[in-house]
Every structure is written in structure tokens, then in C-alpha cells.
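Notes follow the structure.
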Amino acid sequence: MTSTTQTSPKGALDRFFKISERGSSVAQELRGGLVTFFAMAYIIVLNPLIIGGFAPEQAATDVEGGWLPNGQVAAVTALVGGLMTLAMGLIANVPFGLAAGLGINSFLAFGLVGELTWPEAMGLVLINGLIIVVLAATGLRRMIFDAVPAALKSAIAVGIGLFIAFIGFVDSGFVRSTGAASPPVELGDGGSVTSLPTATFVIGVVLMGILLARRVKGALLIGIVATTAIAIVLESIFRVGPSLGANPDAWNLNAPALPTSIVALPDLSLIGQVSFGSFERIGLLATTMFIFTLVFMNFFDAMGTMTGLARQAGIATPDGQFPGLKRALIVEGFGAVAGGGASASSNTVFVDSAAGVGEGARTGLASVVTGLLFLAAMFLTPLTQIVPLEVAAATLVVVGAMMMSQITDIDFTDFRVALPAFLTIVVMPLTYNIANGIGVGFIAWVLVNAVSGRVKQISPLLWVVAALFVVFFVRGPLQALIG
């Protein structure tokens, strides 16, 4: 009987993913995977709106007038996200979901395709991914990871918490641009909450906060389902409708409603639409600068996100490393390769995975659940539009609050630590970019510690990375200089 118990499916699952070893359970991992998917599912709707369109006149057209159809982008977004998240769970055994990175897809839509075709832009994404894979496989990426001081790793985690909370506030309409130089943002519309979707977001934050405070198991998942149900009822009564970029008081992306259909066949014809003609079209130097920008955005966004998630999950060592780090870095690099090859944009570790980690996810089993749900979403796209972005935004704010606890690991009494850590934390949300916060923090750490007599304590690799970040921050003038 003992032998049968040891080889049972549950026992094998536990051993493969080290569930008990990490203080988790199968139920906890399943909940975490569900919550991560619900927190990330909006990318299936949002990515096509950024790099695709329903017609040429409202799509991001490239230099030759080409564009990516919305339905095709949605299909490959779900496919690549699902496959890469599965790979992260099975190969690296960490609860990190992957999907099309919002920073890079915006850079493609508003930066690259003005000078390149979409296949050429995706070719650069693929090259960027191959470079990252080589850096990870050779150990250089981990060496850079190890060179980062522990205080900065904690600051990166805290900054990400603040960043995702800010994303939630903005996506929900709770914080909005004033359109003026000062103040640049305000509460709601004219200083007050005026829209039903934003009120739904507030309800979600309060509900999830209460459930977490009362230590209810599955608090975030319960909060997402309950708030979505409230949103569906409110929409059926008041008929607010989707914003469509015109009505600031409507639902940001999709209006919550029970779908009229469930199954839709995916169109995967974008797979393989890749070209390397950028070298001929814009020249070697300009192409190299674009690749440099993509690598930096991919490299340090993912490194920062992994650091924060591993710390939140409690699987990181004091120096910020975690089991399966090298494998996770390699898988993340292949996410860029796959994303470029399928025209889904570079796939990277999603900071929204923090929602599943907050629900208790500690192993790759949660990623397997999330990945399978993404693959199912290719055929069930109507279901992915039930949860409105405002509900996902409420989850991000709550998880952001949870991640702030790591600020206690930073010694703010030592200004050589305090200033770089502070800059890392605040620059992320203020510039809406994780890599910017990391770069400013690295540069500040090197300068402040070098001038204050701690040169020998700075890793030579950190000097190199800080110098590269200086180049990254002035890439605009450099691009103009090289034509």
C-alpha cells in the first residue's frame, strides 16, 4: 500500500512541482493559476488593439501600409502566451505567466513600424529574443542578476508593486490625465469618481481588501468573480457600453456581459510572417540601435519582474535568486523568439502574475493552469471578454499593496542605499516603465557609492550595465546622430 501511495498521480505531481516542499497545495496552485489568468486575460483583448485593428484606418499601419487584423492578433496572443507560460511552469517550475509585453508592443506600434513593415519589426523582435537566450544560456544574464545589490532587488520589487497599482488606478479611470502641464493627473473626472466602471473598480478593491484582511482562502479569486458578477448586473441595468476610445465614462475595454456564443475558431495565419529586411531598408546602424532598445526593454523588465515575483512568492533567497532562475531566464528569452515568429510581439514575464502569487501560487503548476487557460482562450475568446479591465485593475491595486511590505528590507538610514532605492521605486510608476526605474537605480547606485568611498564594493559588471543604461537613456540623440 505504501508503494501505491508514493506513485499515485497526486504524489507524482507533488514531487515534480515540489508543491509540499514550497509550502503549497494542489488546490492553492489551481486557484493561483486561475487568478493569474483572470488578471492577465485582458492582454488577449488589449494586444490586438495596440498592434492590430479591425480596419486599416484605425490600425497601426506600417511603412508600406500593412496592418495586422485584430482577430488574428488575438489568436496568436493567446497561443504564444499559453505555450510560453506552460514552458515556464514545466521547465522552470515557477508561477510566472508570460504574454505580449505592453512596453514592447507599444514601441513596435508607435516606434518601429513607422520605418519598417510589420514582418520586419517582428524580425527584430525575434533577433532580440535570440540575443537574450544566448545571454541567459551563457550565464551572462545571471551574472548581471547576481551583481545587483540586495537592496536594489528589494527596491525593484517594491517599485513593481507601486507600478502595477498605478496601472490599476489608470486602467480603472480612478486616476486620469488632466491634459494640462500641472497637475498632470487627477482623481477621476474633475476630482471625483463619476463613472460606473470606476465605481465597480472601487467595489472590487474594497471587497478583495476585506477578504484578505479576514484571511479568506481564495480571496482574490472570489473578489474577481464577485466583482465581475456585480459589473454584469450593473451593465445590464445602466447599459454603459464600451469606451471605444471615445467615452471616458464607459468600460475601458469590454463591457461585462454574458456571451451570446462561447466557441470561436482561431485564425493563426500570422505565424511565420517574419522578415529580416530591416538591415537593407534602414541600414545596419539604425537596425542595431532598434535591437539594442528591444534587448534592454526585454532584459531588464523581465529581470525586475522575476525578482519581485520570486520575493513575493517566498521562493527567493536573501540575495534575490530562486530555484530554476537560469531556466526561467532562457524560457523568457524564447518568449521573445516565439512572439516575434508569430507576430504576437515579444512575450515576457507578466507583472500581473503577482495576482496569482498573492493567491498562494508557489510552483510551476499554477503556470500550467494559466497556460492551459490561455490555449483554451484561443477557442473561447467570447469568455475572455466577460471580466472587465476595471476588475483586473482592482486586483493589481490590491496586489501592489501586498508587494509594498518588502520595503522593510531596505536600509533608508544609509543614504547611499536610500537614494538609489528611492529612485528605483518612484521612477517605475512615474515613467510607466520597469526598465527605466532599474536603469536610474543602477546609475545612482554606482555614482553615489563610488563618490562616497565604496568603489571596491561595486561589481565591475554593475559599472558596465550602468554605462549601457546611460547609452539607453540617450538613445534618441544617438539615433539622430547616426541618421
Side-chain angles (χ1 to χ4, degrees), residues 16-18 80-101 103-104 122-148 153 156 272 274 276 287-288 290-310 315-317 319-342 344-350 353 363-364 367-368 371 434-435 438-439 442 459-469 471-472:
F16 182 82
F17 289 106
K18 302 181 180 180
V80 178
L83 292 177
M84 297 316 304
T85 301
L86 275 173
M88 186 64 80
L90 294 172
I91 297 173
N93 192 25
V94 286
F96 303 164
L98 281 80
I104 288 184
M122 292 302 173
L124 295 190
V125 172
L126 196 154
I127 293 172
N128 143 70
L130 290 174
I131 292 173
I132 290 176
V133 169
V134 171
L135 292 174
T138 57
L140 182 59
R141 196 174 187 187
R142 179 162 183 170
M143 288 171 62
I144 296 174
F145 187 92
D146 294 343
V148 181
K153 288 177 179 174
I156 289 169
V274 177
F276 301 103
T287 300
T288 301
F290 278 139
I291 295 173
F292 175 79
T293 303
L294 286 169
V295 170
F296 254 67
M297 293 175 72
N298 238 142
F299 189 109
F300 290 101
D301 266 13
M303 190 190 78
T305 302
M306 288 184 189
T307 299
L309 292 175
I315 61 175
T317 57
D319 61 357
Q321 297 190 40
F322 57 88
L325 171 58
K326 183 175 181 179
R327 295 191 298 275
L329 293 173
I330 292 175
V331 170
E332 195 275 336
F334 275 110
V337 175
S345 182
S346 176
N347 273 230
T348 186
V349 175
F350 243 54
S353 306
T363 76
S367 293
V368 170
I434 293 173
I438 295 173
F442 281 10
S459 166
L461 202 52
L462 203 60
W463 279 98
V464 174
V465 174
L468 288 173
F469 263 117
V471 175
F472 176 71

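Heavy-atom basis, side chains included; hydrogens, waters and symmetry copies ignored. Numbers here are sequence positions counted from 1.
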Give, for atom OG1 of Thr307 and atom CZ of Phe322, the distance between the pair rounded to the nearest 0.5 Å.
-> 7.0 Å
Taking all atoms of both residues into account, what is the closest heavy-atom pair of Met88 and Ala328, and its distance?
-> CE-O, 3.5 Å
With a 3.5 Å cut-off and sequence neighbours excluded, list the donor-acceptor pairs that the side chains of residues 91-99 form with protein atoms.
residue	atom	partner	partner atom	Å
Asn93	OD1	Gly364	N	2.7
Asn93	ND2	Phe17	O	3.0

Residue pair Ser345 / Gly101: nearest heavy atoms and the distance that separates them | OG-O, 4.4 Å
Heavy-atom closest pair, residues Arg141 and Gly333 = NH1-N, 4.4 Å
d(Thr348 OG1, Ile132 CD1) to nearest 0.5 Å is 7.5 Å
Shortest non-hydrogen separation from Met84 to Gly335 and the atoms involved = CE-N, 3.6 Å
Heavy atoms, side chains only, cut-off 4.5 Å: are Ile127 and Phe276 in contact?
-> yes
Closest non-hydrogen atom pair between Ile330 and Val133, with its separation | O-CG2, 4.0 Å
Going by the side chain to side chain donor-acceptor pair (under 3.5 Å) test, which pairs reach into residues 123-133, not counting sequence neighbours?
-> Asn128-Asn298
Side-chain touch Leu309/Val349, heavy atoms, less than 4.5 angstrom = yes
Pairwise distance CZ(Phe334) to CG(Leu83) - rounded to 0.5 angstrom = 13.5 Å
So, do Asp146 and Gln321 sit near enough that their side-chain heavy atoms are less than 4.5 Å apart?
-> yes
CZ/Arg142 to CG/Leu329 distance, rounded to the nearest 0.5 angstrom?
-> 8.0 Å
Does CZ belonging to Phe469 count more than 12 external heavy atoms closer than 6.0 Å?
-> yes
If you round to the nearest 0.5 Å, how far is OG of Ser459 from CD1 of Ile144?
-> 9.5 Å
For the student: nearest non-hydrogen atoms of Ala87 and Val331, plus distance | CB-CG1, 4.0 Å
Any donor-acceptor pair under 3.5 Å from Thr138 side chain to Leu135 backbone | yes
